[in-house]
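Note that the structure is predicted; figures quoted are calculated from it, not measured.
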Amino acid sequence: MQTIAEWLASIGLAEYAQRFAENYIDPSVLPDLTDQDLKDLGIPLGHRKKMLRAIVELQGGKRRSNPRRKTMPSDVILR
């Protein structure tokens, strides 16, 4: 895999490379990042959403289960 800086540049968000480096975020950590994690890093909502979509794409379109993630009303399927 490419470096975090290269990945961020490839999705047009190279300005966050230093922030990721300062927080020791490497490619092995990406699948574990949550919206709250990115928010805690000071990343604005639109860029957080773009990053989270790009992370899912890195995983082949599959979102990993995250035990810290709370179920949201939008996650519930009504039958």
Side-chain angles (χ1 to χ4, degrees):
M1 177 183 184
Q2 56 197 358
T3 68
I4 290 291
E6 291 168 338
W7 174 73
L8 287 166
S10 76
I11 61 171
L13 298 172
E15 66 265 32
Y16 300 109
Q18 184 64 35
R19 222 174 287 190
F20 274 56
E22 290 168 354
N23 286 277
Y24 302 98
I25 298 169
D26 64 32
S28 71
V29 175
L30 283 180
D32 299 323
L33 292 178
T34 65
D35 185 65
Q36 186 62 49
D37 293 331
L38 296 173
K39 186 175 185 179
D40 291 346
L41 291 173
I43 299 171
L45 178 62
H47 288 176
R48 292 194 315 264
K49 296 301 181 184
K50 188 173 183 179
M51 284 180 192
L52 291 170
R53 280 195 313 264
I55 290 168
V56 169
E57 288 176 18
L58 284 176
Q59 299 170 325
K62 296 179 184 174
R63 180 131 176 101
R64 266 183 43 183
S65 175
N66 186 333
R68 295 185 304 159
R69 184 174 179 266
K70 295 180 181 164
T71 301
M72 302 299 292
S74 61
D75 294 336
V76 179
I77 298 172
L78 300 176
R79 295 176 196 246

Q) Between Phe20 and Leu33, is any pair of side-chain heavy atoms under 4.5 Å apart? A) yes
Q) Checking Asp37 side chain against Thr34 main chain: does a donor-acceptor pair fall under 3.5 Å? A) yes
Q. Is there a donor-acceptor pair closer than 3.5 Å between any side-chain N or O of Arg48 and the backbone N or O of Ile43?
A. yes
Q. If you take all heavy atoms of Pro27 and Gln2, which pair is closest and at what distance?
A. CG-O, 3.9 Å
(Q) Please check this pair: side chain of Lys50 against backbone of Ile11, looking for a donor-acceptor N/O pair closer than 3.5 Å. (A) yes
Q: Any chance you could lay out the side chain to side chain contact (heavy atoms under 4.5 Å, CB included) test for Trp7 and Leu13, step after step, and finish with the verdict?
A: CA-CA 9 Å; Trp7 174 73; Leu13 298 172; over 6 Å; no
Q | Residue pair Leu41 / Ile25, side-chain heavy-atom distance below 4.5 Å | A | yes
Q) What's the verdict on side chain to side chain contact (heavy atoms under 4.5 Å, CB included) for Ile4 and Leu30, showing C-alpha distance, side-chain angles and the deciding distance? A) CA-CA 9 Å; Ile4 290 291; Leu30 283 180; 3.7 Å; yes
Q) Roughly how far, to the nearest 0.5 Å, is CG of Leu38 from CZ of Arg19? A) 10.5 Å
Q: Drop me the distance from Gln18's CD to Asn23's CG, to the nearest 0.5 angstrom.
A: 10.0 Å
